[in-house]
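Indexing begins at 1, ligand by ligand and atom by atom, following the structure's order. No hydrogens, no waters, no symmetry mates; every other heavy atom, side chains included, goes into these values.
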Amino acid sequence: MNDNWPGLSTRCVHAGQPAATPATGACTPLHLSTAYPSGGGENIYPRYFNVLNQEVVAAKLADLEGGEAALVFASGMAAISTTLLACLNPGDHALFQRDLYGGTHQLVVQELRRWGVQVTWVADAVEAETALRPSTKLLYLETPGNPLLRCVDLAAAATLTRARGLRLVVDNTFATPILQTPLALGADIVVHSATKYLNGHSDVSAGVVVASAGLVRTVRAAAMNYGGVLDAHACAQLERGLKTLALRMERHTTNAQRLAPFLQAHPAVARVHYPGLPDSPDHAIACRQMRGFGGMLSFELRRPERVDVFLGSLRLALPALSLGGVETLVCVPARTSHKNLTPEERAAAGIAEGLVRVSVGIEDAADLERDFAGALAVV
Ligand SMILES: *Cc1c(COP(=O)(O)O)cnc(C)c1O
């Protein structure tokens, strides 16, 4: 990214956009064809990741993340699994952050190991360094993490991976390129669940990989075999969602920054996890590597046995899986992402039984505060 390049809000709207013509107007036309005339140069086909609607949204995402190229997939897990299978071979050793998104954790445990990849779980760059082997090829991080919003120092991780010739892969779903750009901090590959903030309206399933042109070529070669492509309709919807990403992230962040201290001061709340709070253990790292603290937070009820009463008393916030949409969503990780752990394992991972994760939406902050105050009053 150079200093003469427009700001992030402008790029959300304009980057990657084909020039408007009298025939197309301001918006990218929807190209539904799966058959294209052959004979010219490149063969065009949806599973080759090169039809117009895929290329336009990929170009916008590459621009926003500061990468040379991008690919859009049918889900975050399609993007993540394809990337890992493209970058790792049987016998390789890979380092994964311990508190990963549940689906990624399951992919590592149930699939990668089956393919003969050796795995070590680490907390950060310091632990990663002590776990290195001659066969270590990759370090995979997610920051802020789910559901405790722990932040990992990306620049420190990149210093290690560059010195030892490993690839650094970062899941940037929670921060989005508006708040954090891992490639600029030294990461090699950024992955996303675009189902969350990038699309932002809880109505598209999609995933993204952004990297150098060379690495994207490697991932694309595997992706053409695995086939997790996003169809043209969903690409167009994702493209529309991305145009308001900067605006939405700004509102998600200001709402969370208001809700976090409100919850922290509430007598029914034992603890709030949000990197934007000055007493958060991750505040310093977040200040260094993020342009804002984002819209995700979690908090612990003093009386965990009242969690159902709390959820049932919310009027505005919706108890639901997923995150990153315009509407405020809440979930209880002990029953969702961390359901398969024993209570002891959950305690060891810091997941309290009364922990509530909040994806703070873009509603009026005063209405959200009123909603949470009402539900907390009965617990
Ligand atoms: C949701 C999510 C994923 C998986 O994405 P899907 O679109 O559900 O496949 C990966 N990482 C993070 C951080 C997520 O929140």
Side-chain angles (χ1 to χ4, degrees), residues 57 61 65 70-85 96-112 139-152 154 169-180 182 187 189-210 219 223 226-231 234-235 237-238 241-242 245 248-249 252 256 273 275 282 290 293-298 320-325 327-333 336-339 349 351 357-361:
V57 73
L61 284 158
E65 284 287 5
L71 298 168
V72 286
F73 289 82
S75 69
M77 289 316 302
I80 293 166
S81 58
T82 304
T83 299
L84 292 173
L85 289 168
F96 285 85
Q97 188 176 316
R98 202 169 282 118
D99 51 348
L100 283 185
Y101 172 74
T104 311
H105 184 270
Q106 217 155 288
L107 170 76
V108 171
V109 171
Q110 295 180 357
E111 306 297 330
L112 271 194
L139 171 60
Y140 186 102
L141 301 175
E142 186 181 310
T143 178
N146 181 45
L148 298 175
L149 291 310
R150 297 306 314 256
C151 295
V152 179
L154 290 176
V169 182
V170 177
D171 184 332
N172 202 28
T173 299
F174 274 34
T176 82
I178 304 305
L179 305 181
Q180 175 175 278
I189 302 179
V190 166
V191 294
H192 274 277
S193 169
T195 314
K196 316 293 170 50
Y197 286 110
L198 295 185
N199 177 62
H201 294 72
S202 306
D203 57 5
V204 169
S205 165
V208 178
V209 174
V210 189
V219 176
Y226 294 122
V229 294
L230 193 65
D231 87 290
C235 286
Q237 257 181 296
L238 174 56
L242 282 169
L245 178 65
R248 286 186 283 107
M249 292 314 293
H252 285 298
H273 305 275
D282 302 302
M290 299 179 78
F293 304 110
M296 298 299 300
L297 60 83
S298 59
L321 282 184
S322 199
L323 61 102
E327 59 285 288
T328 297
L329 301 178
V330 294
C331 73
V332 177
T336 54
S337 53
H338 295 71
K339 184 171 92 178
I351 313 295
R357 188 192 76 182
V358 188
S359 170
V360 182

Would Asn199 and Gln237 count as having a side-chain donor-acceptor pair, cut-off 3.5 Å?
no
N or O contacts of ligand 1 with protein under 3.5 Å, please list pair by pair.
from, atom 1, to, atom 2, distance (Å)
ligand 1, 5 (O), Ser193, OG, 3.0
ligand 1, 7 (O), Gly76, N, 2.9
ligand 1, 7 (O), Ser193, OG, 2.8
ligand 1, 7 (O), Thr195, OG1, 2.7
ligand 1, 9 (O), Gly76, N, 3.0
ligand 1, 9 (O), Met77, N, 2.9
ligand 1, 11 (N), Asp171, OD2, 2.7
ligand 1, 15 (O), Lys196, NZ, 2.8

Among pairs that include at least one residue of residues 142-152, which meet salt bridge (Lys or Arg N to Asp or Glu O under 4.0 Å), considering only residues two or more places apart or in two chains?
Arg150-Asp282
Pairwise side-chain contact, Tyr197 with Pro177, heavy-atom cut-off 4.5 Å (strictly under)
no
Heavy-atom pair of closest approach, residues Leu149 and Phe174:
CD1-CD2, 3.7 Å
Any chance you could measure Ile351, atom CD1, to Asp99, atom CG, to the nearest 0.5 Å?
7.5 Å
Within the 4.5 Å heavy-atom criterion, are Thr104 and Met77 side-chain neighbours or not?
yes
